[in-house]
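Presented below is the structure to which this report refers.
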Amino acid sequence: MGYVYNLAKKSEQMLQATKNGDTKRMKEILQFAHDTEAPVLAYNNEVELSSIINLCYLSARNRYWVEREEKAGKGFVDFIFYSKQKNEDGMILELKVDSTPEDAIAQIKEKNYALCFKGKLGEEPRHTGRILAVDISYSKRTKQHRCKVEILDNGDNIN
């Protein structure tokens with residue numbers, strides 16, 4: 001179980017780095033996972049990057065319901081992490097290839113993805129903690145990752 005144990009440990013480090021806004025550590029873990037887990041011929045494939053994200057955030061599934069391509073606000077969010085406890089951080093994760101982290105955060109805001117944490121008309125809010133906008137960008141040319149984490153809301157003022 002050495003591999004599984006180490007994977008779970010790195011995955012937990014990724015989750016904590018994200019919640020702490022430690023983008024340097026996030027990038028290190030992502031880069032290592034991408035370089036060691038992705039097949040060379042599929043390295044630049046966006047689907048492969050999604051698989052790497054699933055692997056890097058594997059331990060998050062203990063505390064979150066992780067949804068992919070979910071309808072949110074005025075679009076579809078790449079990954080959304082609904083906390084199983086209402087007061088823990090919720091996360092919206094957007095992947096970008098050959099784009100900037102700022103573009104992804106702007107997309108999250110413009111399309112009002114955080115609205116999904118409020119629930120539907122007549123429902124109780126799904127979340128009362130912070131909402132983190134998380135971007136993971138990847139450059140096909142340089143084969144490097146960039147990350148950005150921004151607090152969208154403390155949970156009280158979702159539009």
Side-chain angles (χ1 to χ4, degrees), residues 5-34 37 46-47 49-139 144-159:
Y5 173 78
N6 288 332
L7 176 60
K9 195 166 116 179
K10 284 289 183 200
S11 176
E12 184 60 31
Q13 290 173 10
M14 183 67 167
L15 179 60
Q16 290 310 311
T18 304
K19 290 170 73 173
N20 293 333
D22 184 353
T23 56
K24 181 179 180 219
R25 183 70 181 133
M26 290 170 63
K27 179 183 170 184
E28 289 170 358
I29 294 169
L30 278 166
Q31 195 71 52
F32 184 76
H34 204 167
E37 298 290 336
E46 194 167 343
V47 173
L49 182 56
S50 291
S51 297
I52 296 300
I53 297 303
N54 271 321
L55 196 60
C56 286
Y57 285 100
L58 190 62
S59 74
R61 293 176 187 273
N62 289 329
R63 288 179 280 179
Y64 292 89
W65 289 287
V66 181
E67 302 293 335
R68 294 207 46 220
E69 300 297 333
E70 182 161 312
K71 164 81 174 79
K74 297 175 183 88
F76 293 90
V77 64
D78 288 334
F79 288 87
I80 191 157
F81 294 70
Y82 293 108
S83 174
K84 293 178 181 178
Q85 296 184 1
K86 277 192 167 189
N87 60 350
E88 189 168 339
D89 295 338
M91 298 188 300
I92 298 167
L93 193 150
E94 189 66 26
L95 299 177
K96 289 290 180 194
V97 175
D98 292 333
S99 189
T100 68
E102 292 75 21
D103 289 342
I105 300 295
Q107 178 180 327
I108 290 169
K109 291 176 181 178
E110 287 169 14
K111 295 194 175 189
N112 201 14
Y113 290 162
L115 191 60
C116 58
F117 285 105
K118 193 165 187 166
K120 295 182 180 174
L121 191 63
E123 290 180 348
E124 291 292 317
R126 294 179 170 188
H127 181 78
T128 58
R130 295 186 315 171
I131 298 170
L132 304 179
V134 179
D135 167 69
I136 295 175
S137 296
Y138 170 74
S139 168
Q144 295 295 307
H145 299 83
R146 292 175 50 198
C147 304
K148 184 175 176 84
V149 178
E150 187 175 309
I151 298 171
L152 283 183
D153 200 293
N154 64 4
D156 297 330
N157 303 312
I158 302 170
N159 295 334

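Note that these values count all heavy atoms, side chains included, but never hydrogens, waters or copies made by symmetry.
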Applying the side chain to side chain donor-acceptor pair (under 3.5 Å) criterion to His145, which one of His34, Glu28, Lys27 satisfies it?
His34

Name the one of Arg63, Glu70, Glu88 that satisfies side chain to side chain donor-acceptor pair (under 3.5 Å) with Tyr82?
Glu70

At what distance, to the nearest 0.5 angstrom, does [atom1] of [X] lie from [atom2] of [Y]?
X	Y	atom1	atom2	result
Gln31	Ile52	CD	CD1	10.5 Å
Thr100	Arg146	OG1	CZ	6.0 Å
Leu15	Met91	CG	CE	5.0 Å
Lys148	Asp103	NZ	CG	11.0 Å
Tyr138	Ile53	OH	CD1	12.0 Å
Gln13	Asp22	CD	CG	10.5 Å

If you compare all heavy atoms of [X] against all heavy atoms of [Y], which two are closest, and at what distance to 0.1 Å?
X	Y	answer
Cys147	Ile136	SG-CG1, 4.3 Å
Ala8	Ser59	O-CB, 4.0 Å
Ala72	Val77	CB-CG1, 4.1 Å
Lys10	Ile29	O-CD1, 4.0 Å
Pro101	Ser137	N-OG, 3.4 Å

Stepwise side chain to side chain contact (heavy atoms under 4.5 Å, CB included) check, Phe81 with Asp89:
CA-CA 9 Å; Phe81 294 70; Asp89 295 338; over 6 Å; no

Using side chain to side chain contact (heavy atoms under 4.5 Å, CB included) as the criterion, point out the one residue from Ile131, Ile105, Asp135 that pairs with Ile92.
Ile131

Surrounding CD of Glu37 (heavy atoms of other residues, nucleotides or ligands, distance under 6.0 Å), is the total greater than 12?
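Yes, because the 6.0 Å sphere around CD of Glu37 holds more than 12 heavy atoms from other groups.
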
Inspect the surroundings of NZ in Lys84 and state if more than 12 heavy atoms from other residues, nucleotides or ligands are less than 6.0 Å away.
yes

Is the distance between the ring centroids of Tyr64 and Tyr57 under 6.0 Å?
no

If you define the side chain from C-beta out and look only at heavy atoms, does anything of [X] sit under 4.5 Å from [Y]?
X	Y	result
Glu150	Leu132	no
Val149	Met26	yes
Ile80	Phe117	yes
Lys96	Glu94	yes

Is Ser11 reaching over with its side chain to a backbone N or O of Cys56, donor-acceptor style, under 3.5 angstrom?
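Judged by distance alone, yes, a pair lies under 3.5 Å.
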
Could you tell me whether the side chain of Arg25 and the main chain of Gln16 form a donor-acceptor pair under 3.5 Å?
no

By side-chain contact (heavy atoms from CB on, under 4.5 Å), which residues pair with Lys71, not counting sequence neighbours?
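Counting only residues at least two positions away or on another chain, Lys71 forms a side-chain contact (heavy atoms from CB on, under 4.5 Å) with Phe76.
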
